[in-house]
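Here's the structure, in structure tokens; my notes come after.
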Amino acid sequence: MTSLVPVRTETADLREVEQRVLWLATAMIDHANRVRPNNSGLKVGGHQASCASMVSIMTALYFEHLTASDRVSVKPHASPVLHAINYLLGSLDEKHLTTLREYGGVQSYPSRTKDPDPADYSTGSVGIGATAPIWGAVARRYVDTHGGGAGTGRQYSLLGDAELDEGACWEAILDPTVADLGEVVWIVDLNRQSLDRVVPNIAANRLQGMFTAAGWQVITLKYGQVLEELFTRPGGAALRERIDGMSNPEYQRLLRCTPQQLRERIPAGDKAIERLLSDVDDETLAVAIRNLGGHDLDALDSAFKAIDDTRPTVIFAYTIKGYGLATEGHPQNHGSLLAEEQMRQLAGQVGADLDDPWHRFADDSPAGKRCAETASRLRRRERARVKPPKLPTDIGRTPSGTTTTQAALGRTLLDLTRESPEAAERIVTLAPDVSSTTNLGGWLNKVGVWSPSERVDWFADDAETILHWRERPAGQHIELGIAETNLVSLLGELGSTWSRWGQPLLPIGVVYDCFLGRALEPWSFGVYGGGQSILVGTPSGVSLAPEGGAHQSVGTPSIGLEQPGVTSYEPAFAVDTEWCLLEAMSQLGKPGGSSSYLRLSTRPVDQSLASVPADPAARERRRRQVVGGAYALRRDADPQVTLVGMGALMTETRAAADRLAEQGIGADVVCVTSADLLFRAHRGDADRGVLDQVFPADRARPMVTVLDGHPHALAFLAGVNRIPAVHLGVTGFGQSGSLEDVYRHHGLDTGTIIRAALDVTHR
């Protein structure tokens with residue numbers, strides 16, 4: 001019998017690093033679950049098997065191919081592998097290795113904002129972290145064409161094969177922009193297991209075909225050099241065909257077999273395979289059946305060298321979940337943990353010590369020198385941060401006539417190009433094929449559409465074309481396909497440029513408000529990762545009456561109220577929209593900044609109802625109250641009820657107050673611009689000043705709240721002064737019809753507000 005186990009002296013130090021990374025990642029999880037005191041008794045968790053399948057890939061990438069300009073998104077469950085590498089490179093202190101999933105310690109999944117060591121992308125939401133490098137590449141290119149300084153470099157995404165089940169991946173892959181992003185490289189950890197089982201038909205060939213059809217370079221690493229050498233021998237072709245033809249569960253079962261069982265199971269009656277295996281010793285046979293491309297450092301090296309930088313690349317790296325561990329290949333090893341005896345066995349295999357687990361390599365050892373050289377190569381220079389542009393707080397316009405808050409969005413952006421050109425140059429707008437219907441047409445015509453290179457506008461000489469689609473590097477609007485996930489994912493990356501390259505942008509994304517729920521999870525994850533942006537939902541609510549229930553948002557006021565890291569606004573008038581938008585923009589592109597959500601409407605509103613003060617001091621006081629959350633629109637000499645309206649329903653709220661006055665019932669009218677900010681003040685998270693000004697205790701009266709959305713978004717206001725209240729809003733799917741009919745159907749019309757006021761004052 002012969003042995004084919006290779007001895008590669010030229011990469012022996014890399015193999016030693018690989019084994020140490022495996023040990024450190026496994027030991028971090030072991031310490032968190034088995035060693036660290038746990039008074040609660042709750043499972044701490046961790047994914048030793050999921051880490052093990054990524055160790056070879058990440059070792060080859062970081063210690064041989066990565067550059068300081070590259071960025072890497074690490075699959076969520078491989079977080080300990082990233083920490084282990086950072087520890088060996090000197091960018092994570094030893095004290096943190098015992099804090100995995102501990103309060104204030106290293107996070108369960110890579111986090112840009114919470115981990116003590118570097119993480120290029122926050123991951124954890126399956127599919128979202130995988131696509132982030134695509135949008136990071138677009139953001140880098142945008143910054144580079146608007147003043148430079150973002151440099152170059154590849155954008156790597158390390159993802160598990162199960163992540164390709166997520167629609168977010170395919171929405172991103174299929175966007176027309178992506179086919180030109182040659183710096184994007186996805187490496188798929190193809191271990192063919194999910195949380196519960198071995199997936200019977202992972203359909204790798206179909207996945208490869210889908211990437212090819214999308215214009216990607218596809219590299220497949222299925223077998224390592226031991227198996228490839230066996231395939232060249234007599235009977236080798238039959239052996240390859242036999243392994244290729246196995247179902248995933250059948251192959252996975254072989255990993256749990258003894259050498260004798262392998263000799264019985266693999267041939268399946270094929271004499272040529274039997275003869276081939278009879279000439280291979282037990283050690284080689286055990287190594288060979290595990291010798292997949294994703295664990296072969298030479299194969300990985302060749303794959304990285306073959307990347308074509310003119311188009312996106314995907315590398316399908318076949319791996320074994322739990323590779324090198326006692327749980328290797330077990331169908332339920334996803335969250336399993338090695339016992340102490342198994343940890344000691346692993347320590348013996350890799351040259352570690354369970355009782356003293358955190359040893360680095362000696363500085364003068366080959367592995368230690370490789371770590372030092374890698375750390376030097378990957379060290380990034382500190383970038384000076386440009387301060388965000390100074391924004392005006394009030395452009396000075398007092399709209400008259402009838403207009404909408406949606407129209408005010410486009411008007412404010414255009415005004416900024418004249419009033420504050422330095423700030424306007426930092427604005428980048430995004431839309432999923434709804435630019436014209438969300439009132440961005442004028443802005444788009446003014447600033448142009450962004451493209452990495454100049455493109456011909458074949459309709460430039462068409463007099464009947466109103467929307468001018470001038471694509472050029474200096475453009476400031478990015479139009480994506482109809483995929484809200486792509487839009488908000490890019491929004492998050494554009495909102496991170498201040499921290500990545502020191503260049504702050506003011507990114508504003510526009511979606512139909514009814515589709516905000518579809519976009520919420522990836523946008524929320526972008527906010528968690530430090531992306532500061534503005535998301536505008538418009539048009540909104542049942543005020544979009546003729547469109548029917550499918551396009552009438554109900555729960556979005558609550559989303560704005562409940563989303564961490566975001567301030568939500570729902571202005572009623574054009575000037576309120578301007579002030580809220582300027583305030584939201586002033587919070588972008590800086591440490592401690594935040595994101596905002598504006599819910600706008602296409603409901604035409606008489607702007608004289610805003611009663612904007614003419615006196616400059618009074619106008620400024622009004623502005624401060626608007627951006628603080630609410631203001632008194634009307635004060636009665638002897639109020640018996642307080643009517644509180646928000647957004648498009650201020651017209652009916654004001655009309656109800658007028659009709660109540662005709663009946664001798666005085667009503668105060670309060671216009672809420674941010675239920676979010678009022679709630680923060682109410683629960684003590686912010687200054688109560690605006691509540692004391694708008695809802696003073698000496699004017700506490702029974703209350704009626706009304707909004708074009710679910711009524712609970714304003715229901716807390718009754719608790720400010722503990723008064724009886726009726727809360728009007730939308731609690732069911734909408735209907736098509738005229739505005740009057742739809743408002744009457746939902747109880748948002750003036751008559752219903754009056755009846756509610758009479759009821760609450762006579763309780």
Side-chain angles (χ1 to χ4, degrees), residues 71 111-116 118-122 132 135-136 138-140 142-151 380-395 412-413 416-417 419-430 476 478 488-509 523-536 560 563-569 578-598 623-624 626-629 674 676-677 680 685-687:
R71 306 273 170 170
S111 172
R112 288 191 70 221
T113 56
K114 294 188 175 184
D115 270 322
D120 291 332
Y121 291 96
S122 296
W135 311 117
V138 175
R140 185 199 64 76
Y142 184 91
V143 169
D144 222 40
T145 56
H146 287 75
R380 292 172 180 161
R381 64 177 178 85
E382 288 289 330
R383 294 180 181 272
R385 286 181 180 171
V386 176
K387 287 185 178 180
K390 185 173 176 57
L391 284 150
T393 57
D394 184 356
I395 292 174
T412 301
L413 293 178
L416 276 173
T417 62
E419 300 295 327
S420 183
E422 181 184 356
E425 288 174 359
R426 294 277 174 176
I427 296 173
V428 52
T429 55
L430 294 80
Q476 292 178 243
I478 301 176
V488 295
S489 296
L490 176 54
L491 197 63
E493 290 306 316
L494 289 167
S496 298
T497 60
W498 67 273
S499 59
R500 292 196 192 281
W501 302 292
Q503 293 292 337
L505 296 176
L506 308 177
I508 303 171
W523 187 52
S524 173
F525 213 77
V527 172
Y528 169 79
Q532 299 170 7
S533 61
I534 298 171
L535 186 60
V536 178
Q563 176 57 48
V566 171
T567 300
S568 67
Y569 298 96
E578 174 199 305
W579 290 338
C580 291
L581 181 61
L582 292 173
E583 175 65 19
M585 292 169 70
S586 73
Q587 301 304 312
L588 301 177
K590 60 185 180 181
S594 62
S595 297
S596 297
Y597 157 55
L598 273 70
R623 186 198 68 80
R624 289 179 180 273
V626 166
V627 301
S674 176
D676 179 9
L677 291 174
R680 293 186 210 177
D685 292 339
D687 183 11

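Worth knowing before you read on, the calculation uses all heavy atoms, side chains too, and leaves out hydrogens, waters and symmetry mates.
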Correct closest heavy-atom pair for Gly565 and Ser594 would be O-CB, 3.9 Å
Main-chain N/O of Leu391 paired with Ser420 side-chain donor or acceptor, under 3.5 Å: no
For Phe525, does the six-membered ring have the charged nitrogen or CZ of Arg112 within the cation-pi criterion, i.e. under 6.0 angstrom from the centroid and within 45° of the normal? no
Under a 4.5 Å cut-off applied to non-hydrogen side-chain atoms, are Val627 and Thr393 in contact? no
Quick one: does Pro564's side chain get under 4.5 Å of Tyr528's, heavy atoms only? no
Between Thr429 and Ile508, is there a donor-acceptor pair closer than 3.5 Å when you use the side chain of the first and the backbone of the second? no
Do Thr567 and Arg680 have side chains that approach each other closer than 4.5 Å (heavy atoms only, starting at C-beta)? yes
Heavy atoms from other residues, nucleotides or ligands near CZ of Arg624 exceed 12 (cutoff 6.0 Å): no
Is a side-chain donor or acceptor of Glu578 paired with a backbone partner of Ile395 at a separation under 3.5 angstrom? yes
Could you go step by step and tell me if Gln563 and Ser568 meet the side chain to side chain donor-acceptor pair (under 3.5 Å) rule? CA-CA 9 Å; Gln563 176 57 48; Ser568 67; over 6 Å; no
Pairing residues for Tyr142 by the ring-ring contact (aromatic ring centres under 6.0 Å, His included) criterion, not counting sequence neighbours: His146, Trp450
Just so I know, are the side chains of Met585 and Ile534 near enough to count as touching, which here means a heavy-atom distance under 4.5 Å? yes
Side chains of Pro504 and Arg426 in contact at under 4.5 Å (non-hydrogen atoms): yes
Any side-chain heavy atom of Leu506 within less than 4.5 Å of one from Pro389? yes
Please examine the side chains of Leu505 and Trp498, heavy atoms only from C-beta on, and report whether any two atoms are closer than 4.5 Å. no
Single hit among Leu491, Val527, Leu598 for side-chain contact (heavy atoms from CB on, under 4.5 Å) with Leu535: Leu491
With heavy-atom distances below 4.5 Å as the criterion, would you say the side chains of Val566 and Trp523 are in contact? yes
Evaluate the criterion side chain to side chain contact (heavy atoms under 4.5 Å, CB included) for residue pair Ser499 and Arg385; output intermediate values, then yes/no. CA-CA 8 Å; Ser499 59; Arg385 286 181 180 171; 4.3 Å; yes
Look only at the side chain of Gln503 and the backbone of Thr497, and say whether a donor-acceptor pair between them is shorter than 3.5 Å. no
With a 3.5 Å distance limit and no angle check, can you tell me whether Asp144 reaches the backbone of Arg140 through a side-chain donor-acceptor pair? no
Closest approach of Ala150 and Trp501, non-hydrogen atoms and distance? O-NE1, 3.4 Å
Using a cut-off of 6.0 Å, state whether more than 12 heavy atoms not belonging to Lys114 lie near its atom NZ. no
Under the 3.5 angstrom rule, does the side chain of Glu422 hit a backbone N or O of Lys390 as a donor-acceptor pair? no
Determine, step by step, whether Leu677 and Tyr569 satisfy the side chain to side chain contact (heavy atoms under 4.5 Å, CB included) criterion, reporting the C-alpha distance in whole Å, the side-chain angles of both residues, the deciding distance to 0.1 Å, and the verdict. CA-CA 9 Å; Leu677 291 174; Tyr569 298 96; 4.0 Å; yes
